[in-house]
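Reviewing the structure listed below.
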Amino acid sequence: MRKLLLGIFLLFVFAAPAQNLQTVQRFIAANDYLSAKQQIDSFFSDKKNSNDAPAWYYKGRIYTEVVRQHNKTDYQFLQEAFNAYKRYQELDPKNKLMQLNDNVDLFQLYDLSYNTAADLYNDRDYDIAYNLFKVALDVEEYISRKGFTFQGKTFPLLDTSLVNLTGSAAYLSKKEAVAIPYFERLANAKIAGDDYKGVYALLYSHYSKKNDQVRAAKYLSSGKELFPDNDYWIKLELGNAVSEKDRFIRYEQLLQKYPNNFDLVMDYAVELFNYVHADAKPSDFDTRQTRLQSLLIKALSSDPNSAMAKCVMSQHVYNQVYDIEEILREIKEDTPADQT
């Protein structure tokens, strides 16, 4: 009698997981994914079920649909769905359940994550957009590594557009440290195209601020190689120094590097002009005025027909004449009439 009772007990133990999964399947068939989620969560609450391959597959489907039907911004559930699919394929190397529909579940997970992220990005909800783009990118790269296809659709090993969107969403949500590795992936692959020019500029600025001159020079060099727009890179190197004197130092450094760049000479000259001929004369007026004049002479020597150089030079000379006249007036006022 004891053996019979033991046999009945064992039958119940082994039948219970199967019955639980049948209940899960019934909820899925009824499109009741919230109830299916409760059932699958209950199933996995028993650690003995952690190696049940079909259960992981169902969890992936259920969590994906819960997000689709009830909260499309729940990136954590989408990440759990992805983890569940990966776990299923670890436990079932033949991938029987997913092969039945050509791995469409993974492609659907990607589409849901990407499309929701794109909508949020356009609405400037960058923080959640980043997390959803990240899921989409992880799923996409997993599909690519596995070599899966669905109705002829596949993914590249490096989706430059998606990597850029993921990095941009992180950057715009004030997560610069998180964003930089995404941009580095693009720059290290030397991706060209106007949409990626700013990537090299951003990396140069980032590492310049970090005082990492090796990496800053690396990305500046790559940017110049791919986008030969010298003026763009010179302005980037000039930076955004707040102090006028710091900017003057930077101008001098760049003129050592680009001595014959007309635009650089004129930009420096204009800034010096505004500094020298301000309402209140600076303490280093004489030195700065001399440097201003040398820059204007250099600019006119380089391009004698430059309207901008002629205009600034004429204003500069006018101010010099005015200063001389002011000095003469002061002399006349302080000198006795018989000595004037």
Side-chain angles (χ1 to χ4, degrees), residues 60 63-64 67-68 72-90 95 98-99 101-204 206 215 218-219 222-223 225-227:
Y63 272 62
T64 300
V67 173
R68 187 192 308 281
K72 288 187 177 181
T73 63
D74 196 335
Y75 57 86
Q76 293 176 327
F77 270 24
L78 291 178
Q79 184 64 55
E80 285 198 52
F82 180 42
N83 292 340
Y85 284 143
K86 289 191 293 182
R87 180 60 177 155
Y88 161 68
Q89 291 184 332
E90 288 173 2
N95 197 30
M98 297 192 80
Q99 279 188 347
N101 54 17
D102 293 333
N103 300 296
V104 70
D105 304 281
L106 285 167
F107 286 87
Q108 289 176 335
L109 177 58
Y110 162 82
D111 285 341
L112 178 59
S113 303
Y114 179 87
N115 291 332
T116 307
D119 289 340
L120 290 167
Y121 187 91
N122 290 333
D123 291 338
R124 300 184 180 182
D125 193 343
Y126 299 118
D127 186 48
I128 299 178
Y130 159 69
N131 286 288
L132 286 164
F133 275 136
K134 182 178 182 300
V135 174
L137 183 60
D138 289 344
V139 174
E140 181 187 84
E141 292 182 339
Y142 179 79
I143 291 172
S144 180
R145 288 195 302 272
K146 289 286 188 178
F148 293 150
T149 62
F150 177 72
Q151 295 181 350
K153 181 178 180 180
T154 188
F155 295 111
L157 291 174
L158 177 61
D159 186 337
T160 57
S161 177
L162 181 51
V163 172
N164 193 26
L165 281 169
T166 307
S168 296
Y171 189 82
L172 291 168
S173 61
K174 313 301 182 185
K175 296 177 179 176
E176 185 172 348
V178 173
I180 291 300
Y182 292 101
F183 295 135
E184 285 188 306
R185 287 184 63 185
L186 298 171
N188 291 341
K190 293 196 172 182
I191 302 301
D194 290 341
D195 290 343
Y196 302 100
K197 185 177 182 179
V199 166
Y200 299 89
L202 188 150
L203 289 171
Y204 167 77
H206 172 79
R215 289 191 188 181
K218 171 186 173 182
Y219 293 118
S222 294
E225 176 187 340
L226 295 167
F227 308 95

- Item | Non-hydrogen side-chain atoms of Leu137 and Tyr114 separated by less than 4.5 Å | no
- Query: According to the side chain to side chain donor-acceptor pair (under 3.5 Å) rule, which pairs have a member within residues 116-129, sequence neighbours left out?
  - Reply: Asp127-Lys175
- Note on the structure: NZ of Lys218 to CD of Glu184, rounded to nearest 0.5 Å, is 7.0 Å
- About how many Å separate CG of Leu106 and CZ of Phe148, when rounded to the nearest 0.5 Å? 6.5 Å
- Message: If the condition is ring pair (Phe, Tyr, Trp, His ring centres under 6.0 Å), which residues does Phe77 pass it with, not counting sequence neighbours?
- Response: Tyr63
- Under 4.5 Å between any side-chain heavy atoms of Leu203 and Arg215, yes or no? no
- Message: Any heavy-atom pair between the side chains of Val139 and Ile143 that's under 4.5 Å?
- Response: yes
- Task: List the steps, then state whether side chain to side chain contact (heavy atoms under 4.5 Å, CB included) holds for Asn164 with Phe183.
- Result: CA-CA 7 Å; Asn164 193 26; Phe183 295 135; 3.5 Å; yes
- Please check if the distance between the ring centroids of Phe82 and Tyr142 is under 6.0 Å. yes
- Task: For the residue pair Asn83 and Gln79, establish whether any side-chain heavy-atom pair is separated by less than 4.5 Å.
- Result: yes
- Task: Tell me whether the centres of the aromatic rings in Phe155 and Phe107 are closer together than 6.0 Å.
- Result: yes
- Item | Side chains of Leu78 and Tyr110 in contact at under 4.5 Å (non-hydrogen atoms) | no
- Task: Decide, yes or no, whether a salt bridge links Asp111 with Lys153 under the criterion of side-chain N to carboxylate O below 4.0 Å.
- Result: yes
- Query: So do Gln108 and Asn101 actually touch side chain to side chain, heavy atoms under 4.5 Å?
  - Reply: no
